[in-house]
Each structure stands twice: as structure tokens, then as C-alpha cells.
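Read through the structure below, which is laid out as C-alpha cells, and then see the notes.
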Amino acid sequence: MVAVAVLAMGGTAWAGGTLITSSRQIDDGVILARDLQPGTLTATQVREGGLEARNLSAAARRELRGTRGPRGPRGFRGPAGSVPDVDYVTVQATAPPGGAATAKAPCRGARLPMSGGLRDGSGRLVLTSSYPVAARAAGRGWVVSVVNTDAAPHGFIAYAVCSRVG
């Protein structure tokens, strides 16, 4: 134990009558934490990146925490506003046995589709496409297409979240 302490402090040590002059003479894993005397290992003897927080005791990790700093200034208050004008639109459709189906949840008036999708309670439908249609001429809304993997027809719901822009 004494030889290890000298090694940590001075760079050389005597072990079993033999002078240890470098870390190349020590096999990896031979010197363990229990072999070191408290206070003998300093930062200059630890290779950069050689210690991590997990290598330290809980008490040592607590000591590393500094004191809490002063509270920062309060941020600016944002502009007054309201919940945007949003519609949630649904349309029901049925996919035939082993077949495909497409449905569009339409946005009303000047509203545009912000998001949308499919609700399938059967678990037998495969969603093959889901996309917005924003062109007024094409009928704004959200389109979903499915394929039914079952031998029975299954209903589904296409939905769109539509909002007025501007």
C-alpha cells in the first residue's frame, strides 16, 4: 500500500524490493481503489478523460454541485391571443374485403388542412397514403387510402384538422 502512495505522489515506487519507474510496469486492473491511500492521487496524475462522474462516490458528486445562482429576469409577456379557429372534420368510409378504399375529410370554407389521418378500429387495414389537399379547386381536406387485408369489409374514419390562415 505504501508503495502505491509513493507512486501516486512521486512517480516511482518500490514494490517487493523492485523499483517501479513507469505505468508500463503495472498491469491493467492491478492497482485498485482500495490500494490507494486517501489524498494521495492528485489531478496531475489522472489522465484526461480517465475519470467519469460514475467513478466518484455519491458524496463526491454532491460536493461538485455549486450553489444555485440568482433568479434571472422575468421574460417579456407575449401578445394577447386566442385559440386559433380550428375545425376537426371526420368522414366514415368502408374498405371492401381484400380491396382498397380512399376517403377525404373535407375542410369547410377558406380553411386549410393542417393535419389529418386515419382511425381504424379493426387493425386489418393498411394505410397506403395520407396527405393534404390544399388547392381550392381540388376540394381542400385530408385524403387517406387503405387496403383491407381481411375477407370481411371494415369501416374506417378519415379525419382532418383544418384552420383559417391569416
Distance-only check: which donor-acceptor pairs under 3.5 Å involve side-chain atoms of residues 94-107, not counting sequence neighbours?
unit_1, atom_1, unit_2, atom_2, d
T102, OG1, S145, OG, 2.8
K104, NZ, A138, O, 2.8
K104, NZ, G139, O, 2.8

N/O donor-acceptor pairs under 3.5 Å from side chains in residues 151-161, not counting sequence neighbours:
unit_1, atom_1, unit_2, atom_2, d
H154, NE2, D150, OD2, 2.7

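Residue L125 forms a side-chain contact (heavy atoms from CB on, under 4.5 Å) with just one option from N148, T149, V144, and that option is N148.
Taking 4.0 Å as the cut-off between side-chain N and carboxylate O, D85 and R111 count as a salt-bridged pair.
Rounded to the nearest 0.5 angstrom, R108 CZ and R164 CZ are separated by 12.0 Å.
Taking all atoms of both residues into account, the shortest heavy-atom contact from V89 to C162 is CG2-SG, 4.4 Å. The two residues G123 and D120 come nearest to each other via the heavy atoms N-OD2, 3.2 Å. Here the shortest heavy-atom pairing between T128 and V146 reads OG1-N, 3.9 Å.
Residues satisfying the side chain to side chain contact (heavy atoms under 4.5 Å, CB included) criterion with R136, sequence neighbours excluded, are A110, R140.
For the residue pair S130/W142, the side-chain donor-acceptor check at 3.5 Å is satisfied.
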